[in-house]
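The chain is numbered in sequence order, starting from 1. Just follow the structure's listing: the first ligand is 1, and inside any ligand the first atom is 1.
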Amino acid sequence: MPSDYESDPAVSNLRNYLRIRSVQPNVNYDECLTYLRGQAAELGLPVQVFEPRPRKPILVMTWEGLEPALPSVLLNSHMDVVPVFEKSWTFPPFEAHLENGVIYGRGAQDMKSVAIQYIEAVRRLKAEGIRLKRTLHLSFVPDEEIGGGPGMSQFVKTEDFKKLNIGFALDEGIASATDEYLIFNAERNIWHMTVVCPGK
Ligand SMILES: [Zn+2]
């Protein structure tokens, strides 16, 4: 690891986000919103916060494209993380301990890392003076880990969501133990099966 690894703003931003205890159940998202508003301010991006259900905020940062009438690109992530058995951890799960290039923290894989990658990618593109043709929305949603009931699944039914005019979306994948990256592929229509096991 290069010696400046720990001082890389992308790394410190991730560690700061991991230190927010947005852990299920009954998450208070206030600290996440404060943190994300700060990030948006640094990027110079406007923020909207939608609350289709009380205390279940969806924060959207928007980077307007050169042709804003075109369908937009959505970069989505969830703010919450699953609970921990703290005694089983080598390092406390909400300290974002960094050692030998490894960051230990609940949410490091699922999925605060992805959220920060979106933010840092936008930061670097903007710093290079790049403008995108399409509008980019970065959305941060609550309660994915308990099924998204009060979060994204409500938001997609709203006029506010329709107004984002989304043409394409990215969201979390999953970690891979090899050099291969895994993607979840879908086209045309989502394909979910219901398996019924009535037993005897
Ligand atoms: Zn996840």
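- Atom NZ of Lys112 sits about 9.0 Å away from atom CG of Leu14, to the nearest 0.5 Å.
- Phe94 pairs in a side chain to side chain contact (heavy atoms under 4.5 Å, CB included) with only one of the listed residues (Leu18, Val84, Ile20), which is Val84.
- The environment of Gln109 atom CD is sparse: at most 12 non-hydrogen atoms of other residues, nucleotides or ligands sit within 6.0 angstrom.
- Within the 2.8 Å limit, Glu144 places no N, O or S atom next to the Zn ion (ligand 1).
- Hydrophobic clustering, with ILVMFWY side chains joined whenever heavy atoms are under 4.5 angstrom apart, keeps Leu138 apart from Val141.
- Glu172 has its closest N, O or S atom to the Zn ion (ligand 1) at the position named OE1.
- Distance check for Glu145 against the Zn ion (ligand 1): none of its N/O/S atoms falls below 2.8 Å.
- An angle of 100° is found at the Zn ion (ligand 1) between Asp110 atom OD1 and His78 atom NE2, rounded to 10°.
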